[in-house]
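Only one structure is covered here, and it is reproduced in the block below.
Values below: all heavy atoms of this structure, side chains included; hydrogens, waters and symmetry mates excluded.
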Amino acid sequence: MNFGEFTLASKTRINLPTDLFKGGPWIHLATATRGFKEYVCLLHEPTQEVYVEEISATGHFSKIEDEVLWQELVMFLTSKGVVGFVKDREVVQGVWNK
């Protein structure tokens, strides 16, 4: 059950505070919503790895286990220019971030 289409809530690139977001620095690339669910796309700056995860109302990040949902979300983020090439669940930054 997907409760409709994804919406791009934010495409603002934000450096996240290192005192709150450990193991970084992390950069927020985008936030998307679908129904009552919210998803974030984050860049781990030291490794240049991109993470697409669900975020709860309390701010807890969780891995997206549903493969179909993950693929739909990455396709949506790709269509909006947030991320680029995807292979074996590896996502890279979109061209607009460089």
**Item:** In one Ile/Leu/Val/Met/Phe/Trp/Tyr side-chain cluster, 4.5 Å: Phe61, Tyr51
**Value:** yes
**Complete:** Residues passing the side-chain hydrogen bond (donor to acceptor under 3.5 Å, both in side chains) test with Ser62, sequence neighbours excluded, are none
Atom pairs and distances, donor-acceptor, side-chain atoms in residues 16-30, under 3.5 Å, two or more places apart:
{"residue": "Lys22", "atom": "NZ", "partner": "Asp19", "partner atom": "O", "Å": "2.9"}
{"residue": "Trp26", "atom": "NE1", "partner": "Lys22", "partner atom": "O", "Å": "3.0"}
{"residue": "His28", "atom": "ND1", "partner": "Thr12", "partner atom": "O", "Å": "2.8"}
{"residue": "His28", "atom": "NE2", "partner": "Ala30", "partner atom": "O", "Å": "3.3"}
{"residue": "His28", "atom": "NE2", "partner": "Thr31", "partner atom": "OG1", "Å": "2.6"}

**Asked** So how far is it from Ile55 CD1 to Thr33 OG1, rounded to the nearest 0.5 Å?
**Response** 12.5 Å
**Request:** Kindly give the heavy-atom pair with the smallest separation between Glu45 and Gln48, and that separation in Å.
**Result:** O-NE2, 2.8 Å
**Item:** Distance (rounded to the nearest 0.5 Å) between Asn15 CG and Leu43 CG
**Value:** 9.5 Å
**Message:** Taking side chain to side chain contact (heavy atoms under 4.5 Å, CB included) as the definition, give me every residue that meets it alongside Gln71, ordered by chain and number, with sequence neighbours left out.
**Reply:** Glu67
**Request:** Check for a donor-acceptor pair, side chain of Lys11 on one end and backbone N or O of Lys80 on the other, with a separation under 3.5 Å.
**Result:** yes
**Request:** Taking side chain to side chain contact (heavy atoms under 4.5 Å, CB included) as the test, write out the residues that go with Leu69, two or more places apart.
**Result:** Phe6, Arg34, Tyr39, Ile64, Asp66
